[in-house]
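Heads up: the structure comes next, in structure tokens.
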2 protein chains.
Amino acid sequence: MASPTASLADVARHAGVSLATASRALNDAYGVSTATRAKVLAAATELDYVASPDATRLASGATRRVAVVVPHIERWFFGQMVGGLERVLAAADLDVLLYHVGDEADRRDFLTRLPARRKVDAVIVVAFPVDEDERQRLELIGAAIIAAGGQSADYPYVCIDDYEAGSLAMRHLVDLGHRRIAMIGGLDPDQPGWPVVSGRSRAYDDTLKSVGVEPDPRLVHEVEWGPTNGAAAMHRILDANPDGPPTAVFVHSDELAFGALQALRHRGLRVPDDVSVVSIDDHPLAELLDLTTVAQDVAAQGAVAGQMVLSTLGDRPGALPSGVTAPVELRVRASTRHT
Amino acid sequence: MASPTASLADVARHAGVSLATASRALNDAYGVSTATRAKVLAAATELDYVASPDATRLASGATRRVAVVVPHIERWFFGQMVGGLERVLAAADLDVLLYHVGDEADRRDFLTRLPARRKVDAVIVVAFPVDEDERQRLELIGAAIIAAGGQSADYPYVCIDDYEAGSLAMRHLVDLGHRRIAMIGGLDPDQPGWPVVSGRSRAYDDTLKSVGVEPDPRLVHEVEWGPTNGAAAMHRILDANPDGPPTAVFVHSDELAFGALQALRHRGLRVPDDVSVVSIDDHPLAELLDLTTVAQDVAAQGAVAGQMVLSTLGDRPGALPSGVTAPVELRVRASTRHT
DNA sequence: CTGAAAGCGCTTACAG
DNA sequence: CTGAAAGCGCTTACAG
């Protein structure tokens, strides 16, 4: 207990071997006799030896570090993703550096500055775009980049097909006979043009058109993601349609839908009797609120992204796929019914 | 763009100065002429230089790394905490290593093994206990330990007073005239005896006794934390009391309460007309569900824990408090009413 | 203000 | 199987 940090040299001395041998024994490399290895291990244990990761990395060149960059760790989607990611990365003995970046300027700054460069072997960006220029810089610098929960430029990704998810939701409503359908879209002011949104919105438009309905702008409202904003959007839509509410509403995410449900309740409208509600995610509370939704397994996507990192680092046999589309599935509950 | 990783030596050569001077200029230490500094900076920029963090740490001895250890990153409470933490740590230019540890064995393993030792300056444990023995080991090894969201052995902490939170909730019910009050308690099988639970439970007992009511075991049920388990607990309690439901229920957390609300609804009981519900947290959805709750600001607690880390690292003037008790506040909404 | 040199704690060819 | 030595890329007294 004397020395808080015994060094390899201490261990070697204690075991009566050279530095080189001690190092080999500890890393169980080939070419160390069983007896010697045992001696070294015993010395290490007794001295409470722990290798200095910095020295190891400096000497070996390996980094074994990956950056996980998220814009909103406090939101359900991101927590799930990070959880899934961390599990496989930690299992492979990689350190996970968590970076929380806010707005676009923050991200640019982050991607341009030091941290992402020589510090990590890979950076996983969770649900935000990296432009081609930045991607190239990172690549030049030796860091692989992987996108989880949304793709943008040309690098490996894992995410759901938003158009598919939106179509499942919309198709469900249309099949139930709905034609006057509103939409509450999610929107991130910090990432204009993020494809998640447009995929879901296109599905809305296309599905309506497929049944001969022209989308009505008064039935559509977009608000910032986050659990509390759906209510305001719902109110806005209701206010914009004094001639009567839509018979159904397609919401871009469950968290937004929770707010919409509240708004409807407060306006005296019953779900699903007066208006049906369907959204995307299958947040744990969706079940509690009997919300029909298109489910995605975000933690699983995180795990896949983690595997991709292992592939790029060569830790894992198997080619790196250029992209993985995660499955989605309609979960019908009590918030939707036929007209 | 040629060399993906220019070294300090490259920069020095390019600028026509020595290694030492280049280093000083880059770290804007004293004793470098403006002209020299400019030359070095220009060279660094041109070469796209980024210091090797490993080498810097090895040479300087500083680690600037802190481990954040959480048992359930995917839960609301933990996401909030990590978000708050990350923000202040990142601002101080500390790297945040995220470790997700599951059950007790996992944690023991983690705390005993390498990662926590020479790799980090501090470890922040989020809402789980570290025993005195482990704490001493970490201290010996030079890593400070700080508890966020619950204290246990003798190290700095930040958390709410669970007894106070529980008392606010219970007092509210009692003041509304309730006497037949049920309780749904949270429980983590991986951390038996966690004080959060007992503080809230003691408040339940004491408040009841203070109005002359003897706690009735048939009105109490404990379930694992997590959004979906509250419903089962509520059903259990209802089943155990065929003579009629309690007039109110105190739930240990909002997520649990969401389930309880669903169960009550499914049993045809109206909230608050038939039974009042109060819980703890002020989860964003609590507002949407009109749930009366005792609010705590978890992200703020995370920020405080981050400051504590800065204090221990000497980055911040001001003594390290031995503990901070975060405020709680009763938020009355529509899920409670007088009997 | 600037430089030469030692050292941080490991790993890894290169010899034996 | 084992050791001596160079090197990873920085920082920091110590001289000048």
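Chain letters run A, B, ... following the sequence lines, proteins first, then strands; residues in each count from 1.
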Between C1' of dG7(D) and CG of Leu8(B), the distance in whole Å | 16 Å

For Arg13(A) and dT2(D), give me the distance from atom CZ to atom P, rounded to whole Å.
-> 19 Å

Side-chain donor/acceptor of Arg13(A) to backbone N/O of Ser18(A), under 3.5 Å = no

Report yes if a donor N or O on one partner sits less than 3.5 Å from an acceptor N or O on the other, where the partners are the side chain of Arg57(B) and the base of dG9(C); otherwise report no.
-> no

Counting side-chain heavy atoms from CB outward, which of dA13(D), dA4(D), dC10(C) is closest to Ser7(A)?
-> dC10(C)

Short side-chain N/O contact to dT2(D) OP1/OP2 from Ser33(A), under 4.0 Å | yes

Output the single nucleotide from dC8(D), dC10(D), dG3(D) whose closest atom is nearest the side chain of Val17(A).
-> dG3(D)

Is Asn27(B) reaching over with its side chain to a backbone N or O of Ser23(B), donor-acceptor style, under 3.5 angstrom?
-> yes

Ignoring backbone atoms, establish whether Ser23(A) has a side-chain N or O less than 4.0 Å from OP1 or OP2 of dT11(C).
-> yes

In whole angstrom, what separates Leu19(A)'s CG from dA4(D)'s C1'?
-> 10 Å

Residue among Val82(A), Leu85(A), Val69(A), Val158(A) satisfying side-chain contact (heavy atoms from CB on, under 4.5 Å) with Ile124(A) = Leu85(A)

Watson-Crick or G-U counterpart of dA4(D), or none if no pair lies under 3.5 Å = none

Of the candidates dC10(C), dG9(D), dT12(D), the side chain of Ala20(B) sits closest to dT12(D)

Nearest nucleotide by nearest heavy atom, which residue falls closer to the 5' end of DNA chain C, Ser60(B) or Ser18(B)?
-> Ser18(B)

Starting at atom CG of Leu58(A), determine the distance to atom C1' of dT12(C), rounded to an integer number of angstrom.
-> 14 Å

Here the distance between atom P of dT11(D) and atom CG of Asn27(B), to the nearest Å, is 5 Å

Indicate yes or no: at least one non-hydrogen side-chain atom of Val123(A) is less than 4.5 angstrom from one of Tyr99(A).
-> no

Given dT11(D), dC1(C), dC10(C), which nucleotide is nearest the side-chain atoms of Thr36(B)?
-> dC1(C)

For the side chain of Arg24(B), counting heavy atoms from C-beta on, which of dC10(D), dG9(C), dT12(D) is nearest?
-> dT12(D)

Could you tell me whether the side chain of Thr21(B) and the main chain of Val17(B) form a donor-acceptor pair under 3.5 Å?
-> no

Using only side-chain N and O atoms of Thr21(B), determine if any of them is under 4.0 Å from OP1 or OP2 of dG3(C).
-> yes

Under a 3.5 Å limit on both distances, the Watson-Crick or wobble mate of dA13(C) is none

Quickly work out the Asp54(A) CG to dC10(C) P distance and round it to whole Å.
-> 10 Å

When the C1' atoms of dG16(D) and dT12(D) are considered, how many whole Å apart are they?
-> 16 Å

